[in-house]
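Here's the structure we're looking at; comments come further down.
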Amino acid sequence: MDGSWTYRVEHAFRIAGGDVAVLGELSGVIPHRGRSGEIRANGVVIQVAEVAVEFARVTGGGERIALVLRGVRLDQVPVGATIHPAGCGESRPGLPVREQNPT
């Protein structure tokens, strides 16, 4: 099992192929290979089919870690949401879980 990580969303946008990319702040170490994940926002947990690590060029030079989320809609990833590995053991009891929705 990979280590625990959390990614706090600062900006989300649709990319080619209908996937959603997010920019934000990473805590912990995220594996580069894709794996399933969870979006936690507004008291709901949304399952993500795949979370993949990408790098985005930012104004002023340099790169930032960006995530590509497959199997979710843009409106499911609000600013302030957090993304976690699926089954990381941090789920809070009582949060409703929504299965991934078709795009």
Side-chain angles (χ1 to χ4, degrees):
M1 181 169 162
D2 295 316
S4 181
W5 53 268
T6 300
Y7 194 91
R8 183 166 303 278
V9 176
E10 296 171 359
H11 184 69
F13 50 96
R14 182 170 301 286
I15 59 174
D19 295 328
V20 174
V22 294
L23 292 173
E25 180 147 344
L26 174 66
S27 298
V29 178
I30 188 170
H32 285 265
R33 69 185 186 287
R35 64 171 293 172
S36 59
E38 300 173 346
I39 299 167
R40 298 180 191 165
N42 304 317
V44 175
V45 176
I46 297 169
Q47 301 298 315
V48 181
E50 183 181 2
V51 177
V53 175
E54 295 289 337
F55 293 91
R57 294 185 191 271
V58 294
T59 304
E63 293 183 333
R64 250 178 112 173
I65 291 177
L67 301 182
V68 174
L69 310 176
R70 295 185 172 91
V72 297
R73 298 184 320 261
L74 181 59
D75 66 331
Q76 294 176 307
V77 193
V79 170
T82 56
I83 302 168
H84 307 264
C88 68
E90 297 176 5
S91 294
R92 292 173 290 174
L95 282 182
V97 175
R98 287 190 199 154
E99 294 299 323
Q100 59 193 13
N101 295 322
T103 53

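Computed from a prediction, not measured in an experiment: that's the story for all the values here. In this chain, residues are counted from 1 in sequence order.
- Shown here are the side-chain hydrogen bond (donor to acceptor under 3.5 Å, both in side chains) partners of Arg64, two or more places apart in sequence or in another chain: Glu10.
- A donor-acceptor pair under 3.5 Å is absent between the side-chain atoms of Arg14 and the main chain of Val20, judged by distance alone.
- We find the CD1-CZ distance between Ile83 and Arg8 to be 10.5 Å, quoted to the nearest 0.5 Å.
- Val48 and Val44 fall within a single hydrophobic cluster, where Ile, Leu, Val, Met, Phe, Trp and Tyr are joined by side-chain heavy atoms under 4.5 Å apart, directly or via other members.
- Partners of Thr82 by side-chain hydrogen bond (donor to acceptor under 3.5 Å, both in side chains), not counting sequence neighbours, listed by chain and number: His84.
- Under the 4.5 Å side-chain criterion, counting only non-hydrogen atoms from C-beta, Gln47 is in contact with Glu38.
- The closest side-chain heavy-atom distance from Tyr7 to Leu69 is not below 4.5 Å.
- For Asp75, the side-chain hydrogen bond (donor to acceptor under 3.5 Å, both in side chains) criterion is met by Arg73, not counting sequence neighbours.
- Residues that satisfy the side chain to side chain contact (heavy atoms under 4.5 Å, CB included) test with Ala21, not counting sequence neighbours, are Phe13, Ile15.
- For the residue pair Ser36 and Val51, the shortest heavy atom distance occurs at C-CG2, 4.4 Å.
- Across every non-hydrogen atom of Val22 and Ala12, the tightest pair is CG1-CB, 3.8 Å.
- Residues meeting the side chain to side chain contact (heavy atoms under 4.5 Å, CB included) test with Val53, sequence neighbours left out: Ile30, His32, Phe55, Ile65, Leu67.
- Here side chain to side chain donor-acceptor pair (under 3.5 Å) pairs that include residues 15-25, with residues two or more places apart or in two chains, are Asp19-Arg70.
- Taking both residues in full, the closest heavy atoms of Gly71 and Ala49 are given as CA-CB, 4.4 Å, listed atom of the first, atom of the second, then distance.
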